[in-house]
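Atoms within each ligand, like the ligands themselves, are counted from 1 in listed order. Owing to the predicted nature of the structure, the values given are computational and were not obtained by experimental measurement.
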Amino acid sequence: MAFTPRVFSGVQPTGSLHLGNYLGAVRRFVAMQDEAPCLFCVVDLHAITVWQEPDELARATRHVTAAFLAAGIDPARSIVFNQSRVAAHAELAWIFNCVARMGWLSRMTQFKEKAGRDRENASVGLFAYPNLMAADILAYQATHVPVGEDQKQHLELARDIAQKFNFDYAERLAALGYGEEGLFPLTEPIIQGPATRVMSLRDGAKKMSKSDPSDASRINLTDDADAIAQKVRKAKTDPEPLPSDPKGLEGRPEADNLVGIYAALAGTTKETVLTEHGGAMFSAFKPALADLAVSVLAPMNDAMVRLLADEGHLHAVLAQGAERAAEIAGPVLRDAKRVVGFVA
Ligand code: TYM
């Protein structure tokens with residue numbers, strides 16, 4: 001029996017969301033609602049793997065929830081919730097801590113980047129982070145996970161964990177009536193579109209990131225029209241005109257990035273953007289890009305302001321989402337515990 005299609009993805013409530021999060025992930029979430037049942041999670045357990053001011057964490061959780069809804073995620077259709085409210089994530093993550101191997105986690109590039117040189121001082125949670133991510137996905141037997149490119153390695157690890165669990169407990173699973181495919185699916189990452197890795201506006205070799213000290217490096221979803229126009233105007237570029245096809249973007253990371261952003265915002269491809277703008281200088285392309293960004297982000301921004309003014313509604317969405325999520329995760333966790341041999 002194959003797994004029923006189900007989509008899961010998560011966003012950390014750390015700082016405000018930026019254009020990379022929107023184009024690489026949230027905008028894709030909105031589209032996936034038409035394809036399968038979806039769960040979208042504000043991953044507050046993940047956030048505390050590095051220090052978060054408690055008030056700020058709660059604020060950021062509301063902020064990400066509001067961004068989900070403002071972008072077009074429909075909480076009546078999709079399940080929107082925060083991770084810490086559904087205990088199954090932490091419980092399954094513990095089991096996965098005992099399935100995943102030290103060597104697997106030691107190879108995770110995100111841990112190496114985030115821990116930096118001072119590894120001794122990184123939290124244990126930061127090291128075990130991908131196991132919790134696997135638990136997020138597998139507690140719902142999710143088959144598809146839309147993410148930006150930076151999450152690819154973590155999703156490969158989730159597949160390794162699923163496979164090892166299914167293999168190690170194959171006999172017990174068979175006794176419970178599970179077939180060849182076991183309890184956990186080998187989840188497919190969905191990394192698609194022209195903006196799976198949006199780069200910094202100041203440096204085409206660096207990812208656009210919440211943690212970049214330069215605010216000019218990213219467009220925040222909360223930036224107003226003036227801020228957006230100014231950041232696009234100041235974005236680093238080269239002196240050449242735009243090429244007329246994507247091959248001409250090779251070796252031009254900043255140009256490639258701006259064309260990718262344009263394509264994603266317009267819901268089209270780099271090819272189409274270059275058919276239209278090939279030969280243009282950045283002095284002409286940048287104002288067009290700024291106008292497009294404002295036309296997409298401004299209505300979302302207005303919706304976010306309205307949503308954030310009604311905390312009661314956001315809390316109700318999260319509470320109801322958590323209840324619905326727990327109903328799906330409950331039976332999966334129960335079977336995972338049974339096969340491990342926990343006495344209930
Ligand atoms: P996070 O919170 O860092 O980012 C949220 C989503 O945004 C994508 N993203 C980008 N996409 C394109 N260009 C960028 N510059 C860029 N920066 C971020 C990320 O790929 C991600 O899809 N570990 C995850 C959260 C998580 C999760 C999960 C995701 C926890 N559990 C289960 C999927 C499934 C993270 O830190 O994302």
Using a 4.0 Å cut-off to any heavy atom of H18, which atoms of ligand 1 qualify? 17 (N)

Between E311 and R62, does any NZ, NE, NH1 or NH2 come within less than 4.0 Å of an OD or OE carboxylate oxygen? yes

I need the contact type for H46 against ligand 1. Using non-hydrogen atoms and a strict under-4.0 Å cut-off, is it side chain, backbone, both or neither? side chain

Among G15, G148, P130, which one has a heavy atom closest to atom 8 (C) of ligand 1? G148

For the aromatic rings, using the six-membered ring if either is Trp, is the centroid distance between H144 and F3 under 6.0 Å? no

Does ligand 1 have any atom that is closer than 4.0 Å to a heavy atom of K210? yes

Quick one: nearest non-hydrogen protein atom to atom 31 (N) of ligand 1, plus distance? D136 OD2, 2.6 Å

The answer for which part of C41 has a heavy atom under 4.0 Å from ligand 1 is neither

Measure V147 to ligand 1 on non-hydrogen atoms and call it side chain, backbone, both or neither using the 4.0 Å cut-off. both

Measure up the F111 and F127 rings against each other and bin them: parallel (under 30°), tilted (30 to 60°), perpendicular (over 60°). perpendicular

Quick one: are the ring centres of Y169 and F184 less than 6.0 Å apart? no

Between F285 and Y262, is the gap from one ring center to the other below 6.0 Å? yes

Below 4.0 Å, non-hydrogen atoms only: which portion of I137 touches ligand 1? Side chain, backbone, both or neither. side chain

Would you say the ring centers of F68 and H63 fall short of 6.0 Å from each other? no

Identity and separation of the nearest protein heavy atom to atom 15 (N) of ligand 1: V198 O, 2.8 Å

Please identify which of these residues, I137, I190, T187, meets the side-chain contact (heavy atoms from CB on, under 4.5 Å) condition with L155. I137

I need the nearest protein heavy-atom contact for atom 28 (C) of ligand 1: residue, atom name and distance, please. M133 CG, 3.2 Å

Identify which of G10, P189, A142 has a heavy atom lying nearest to atom 25 (C) of ligand 1. G10

Looking only at protein heavy atoms, what sits closest to atom 37 (O) of ligand 1 is Q151 NE2, 3.9 Å

Please state which protein non-hydrogen atom is closest to atom 34 (C) of ligand 1 and give its distance, to 0.1 Å? V145 CG1, 3.6 Å

Looking only at protein heavy atoms, identify the closest one to atom 4 (O) of ligand 1 and say how far it is in Å. N21 ND2, 3.4 Å

